[in-house]
Amino acid sequence: MKKRRIFFVFIFLLLHTVVYSSEVKEFILENGLKIIIIEEHKAPVATFQVWYRTGSRDEPIGKSGLSHLLEHMMFKGTQKYGPSEFSKIIQKNGGIDNAYTTKDHTVYFELLPSDRILLPVELETDRMQNLIIDNRETLLERDVVMEERRLRYEDDPQNSLFEEVVAVSFKAHPYQRPVIGWMSDLKSIGRDDLYNYYKSHYSPDNAFIIVDGDVRTDEIIEKIKNYFGRVSPSGIKKKNTNFSEPEQKCERRVILKREAELPYILIAYHTPNFPHDDSFALDVLSLILAGGKSSRLYKSIVYEKQIALDIDAEYDGLNIDPFLFFVDATAAPGKEINDVEKTIFSEIENIKKIPPSEQEVQKAKNQIESSFIMEQDSIYMEAMKYGIFEMLGDWRLINRYLEGIRNVTPEDIKRVANRYLREDNRTVGILIPIKKVRSEY
Amino acid sequence: MKSKKKIARFYRSFLKVAIHRFLLVKTIILSILCFLLIYDVHATNVNKRTLPNGFVVLHSETHNLPIIMVTLLIKVSPLNEPLEKAGLANLTAELLTEGTKNRTSGAISEELEFIGASLDVTVFSDYTAISLSVLKKDVHKGFELFSDILLNSVFPKDEIERKKELIKGILKHREEDPAFLAERAFKKEIFGDHPYGRPIEGSIDTLGSIKRDDLIKFYSSYFLPNNSILSIAGDLTEEELNSLIERYLKNWEKVDLPPFNINRVGNDNKIRKTMQIDKELTQANIILGHLGVSRDNPDYYAISVMNYILGGGGLSSRLMKKIRDEEGLTYDVSSTFISNKEKGFFQVEVQTKNETANSVISEILNQINNIRQNLVSEEELSEAKSYLTGSFIRRLDTNREIADFFAFVEFHNLGLDYVDKYLTYINSVTREDILRVAQKYLDPENYILVVVADKKKASIKY
């Protein structure tokens, strides 16, 4: 047997007092698979995660939802382990397994008592290369995903608006497509589409592994080497990896009229992604605007004027390509959505003229830092954090993120508000409820 | 844009667009804790004592992260409120953070958010929980705010009105959610006028009848040390905890509790009824179920195993295998026994396109009949047991979960050795026990069926 070389790096994190994992170890196998291990012995649990660098962003036109449907099919069996057997084995051992798909990547994970953490190694290796994708199973699972789409989007007025606003915000970039896929596209996805996509995107050189928890690095890396180390790289350089979106030149509006109880507004601004220099200030800005009951928009719209039931602002910047900054609110009964919209814009204009106080900026920074620490309480969340940054290039960017946040000044907030929260850079979506008279009971 | 849980700020946007293969556990303390869970190694680590004022304190010390998670469980809920003032318990809880002798509503949120802490008050069917999450370095500030809202709330008139309007708005907004409509109708039918039969928030009418005096009286009658359990997990030594209690909760005085009138759970006589709510929807939202058992029922553990096999075991359950895997008719189907203090209920929840509603209902009834007529296989039994027992170690891996868990264990008098007992209870369940409890607690004849759907397209035959 050929001896496999492994490159490895030891990194000891001494990041001020915010990142508490004692050590992170990184290995790269010859076939290109990277493994990141975080030993954390606080509780006898561990998580094993395989991250594939592919998501809805990488789908061919007309096949939206392909990545997500493939994710479902990954549980439908290989030659060795039949449909659902994977999950059965994990559950029998007191664990759970699940998976999710985003715009940029697809993640498979198991959470187990730590003495069973070697279990998923063989199983995950197997389905990285030996998936069957049976035709009959594909048709059934496609129906399941259509039911999922009905549940999450078709029958949810606010989520429907979200889908419309994102689609209208992008003219060219694949981020315009929903991860779950358009219903019309889903109908056209067949077994071969899935299989070809699987063969070209699922390989060790397009993936990385994260192990976090009460594990012994030497033991688990040995096992990973023995299994994953034998999978051949696909060698396929991904095509179409550079997408860009033309600059937005005018405000776009979407009006959705359908059965609902209350009007709702969702505003989306194009913004750069992390680690762009402005991304940190945008993150802090979202909290100053709507991070809790003491934030500007909450105080003004929900508390003082009482014209909305809730308000949220969020900067969605942890993506491979630039995405959006969202502000959304549900109108209170009997209140006008136009008033909500006007008040949101007037608060945004205020911050463009006068920078926020030092206290406001500090509060937002404290909130970020505190949630950063608290999230480490869960090894699943911690592993996910490393995964997100690794997906964006390198898990060490965690340091960059925290440092960037610490350096934000009130002037930065004013500057990014002026630069991005502009009329011609936004898409405004409004949900107008139509009440249909129907019988009850 | 709907879930506004603060805990994972960092991933909020991320999780929203991440589409999971299978619905993750609903993050309500109750729904998680009802099921099982324990901690093997760390569970023994808890200290319990009762202070002279009747206050029970549970402390689990961990030093891996500089955070402190506090859960104060107060034995007060809609069970203590009169029907015509439904929503009183919730409104009282909601107003705790809206003004004290020392701070305005705005000052409370400003101070909390400045230290990146959270202080939430949530009302459940049987109790109210105040949860504080705070960094170790800010623990004094956190406790100061915690004790201020607990001991010094003043229920300002304008805040009461503001909150009532907000809750009314939220109730209206919820009607947009077919799952909420189905649940509300279902609970009303099985529990009738019992507090378990209505939304925690009350209704637009009953909220209107709640006066400031009602709130003050409710607060002073029930928010008492002799009615509460404090559970703390995190980076805090016993000494530090003692000095925090001494400094911030010293003035909390014991007062005799008002007499408790047990609410009779209605509709114990068996009924069969279908309710339909017509909405412009592509899917039928279906709930099928009936009354269940209380948490102290000795069959609770056999029921847990039985229900895991029937519809509680995620993708491994019979309902999921049949309706999702074999027929592709749903994304999610599950059965649950929710066991409250006074009485619980059993329900199967599912969504399927309008046109296939009847076949899904028929399959659910088939599965219920099947588990009542035939012994489950040895393999099913052993898989269920190994999941339920094996997952113990895994379930309580955060300080927040540990704090909530011990408060719950204490509330239900499960004993701090519940870990060992639970394993024994589950392991002793036999196939015959499962058949027996299925026959006793599942009823395929007398059930309530709620369908929220496009009525014409669904054309329900049941």
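All values derive from a computational prediction rather than experimental measurement. Quick note on labels: first sequence line is chain A, next is B, and so on, each numbered from 1.
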Exercise. In terms of heavy-atom proximity below 4.5 Å to chain A, should Ser382(B) be classed as side chain, backbone, both, or neither?
Worked result: neither

Problem set entry | Contact origin within Ser133(B) toward chain A - heavy atom pairs under 4.5 Å | both

Exercise. Is any side-chain N of the basic residue among Glu147(A) and Lys353(B) closer than 4.0 Å to the acidic one's carboxylate O?
Worked result: yes

Exercise. What part of Glu360(A) lies closer than 4.5 angstrom to a heavy atom of chain B: side chain, backbone, both or neither?
Worked result: neither

Problem set entry | Arg149(A), part contacting chain B, at a heavy-atom distance under 4.5 Å | neither

Seminar exercise, completed: Bottom line for Asp325(B): the part with an atom under 4.5 Å from chain A's heavy atoms is both

Exercise. So what's closer than 4.5 Å to chain A heavy atoms on Glu326(B): side chain, backbone, both or neither?
Worked result: backbone

Exercise. Would you call Lys385(A) and Glu382(A) a salt bridge, using N to O less than 4.0 angstrom?
Worked result: no

Exercise. In terms of heavy-atom proximity below 4.5 Å to chain B, should Leu139(A) be classed as side chain, backbone, both, or neither?
Worked result: neither

Problem set entry | Proximal component of Leu112(B), with respect to chain A [non-hydrogen, under 4.5 Å] | neither

Exercise. Asp155(A), Leu161(A), Val107(A), Val145(A): which one forms the most heavy-atom pairs within less than 4.5 Å of chain B?
Worked result: Asp155(A)

Exercise. Which bit of Val166(A) is near chain B, if near means a heavy-atom gap under 4.5 Å: side chain, backbone, both or neither?
Worked result: neither

Exercise. Non-hydrogen atoms of chain B under 4.5 Å away: do they reach the side chain of Glu304(A), the backbone, both or neither?
Worked result: backbone

Exercise. For Gln306(A), is it the side chain, the backbone, both, or neither that has a heavy atom closer than 4.5 Å to a heavy atom of chain B?
Worked result: side chain

Problem set entry | Passing candidate, side-chain contact (heavy atoms from CB on, under 4.5 Å) with Ile67(B), options Leu135(B), Val139(B), Asp235(B), Val134(B) | Leu135(B)

Exercise. Between Glu148(A) and Ile180(A), is a side-chain contact (heavy atoms from CB on, under 4.5 Å) present by the stated rule, with each step listed?
Worked result: CA-CA 8 Å; Glu148(A) 183 179 1; Ile180(A) 198 160; 3.7 Å; yes

Problem set entry | Heavy-atom pairs under 4.5 Å with chain A, option from Thr352(B), Val452(B), Ile170(B) with the top count | Thr352(B)

Exercise. Which bit of Thr106(A) comes within less than 4.5 Å of chain B, counting heavy atoms only: side chain, backbone, both or neither?
Worked result: neither

Exercise. Does the pair Arg116(A)/Glu110(A) count as a salt bridge with the N-to-O cut at 4.0 Å?
Worked result: no

For this session: Please determine if Asp278(B) and Lys456(B) form a salt bridge, counting it only when a charged side-chain N lies under 4.0 Å from a carboxylate O.
Result: no

Seminar exercise, completed: Cut-off 4.5 Å, heavy atoms of chain B, and the answer for Lys365(A) is neither

For this session: Check whether Ala332(A) gets within reach of chain B through its side chain, its backbone, both or neither, counting any heavy atom under 4.5 Å.
Result: neither

For this session: Using a cut-off of under 4.5 Å on heavy-atom pairs, state which of Met74(A), Gln91(A), Lys76(A) scores highest against chain B.
Result: Gln91(A)

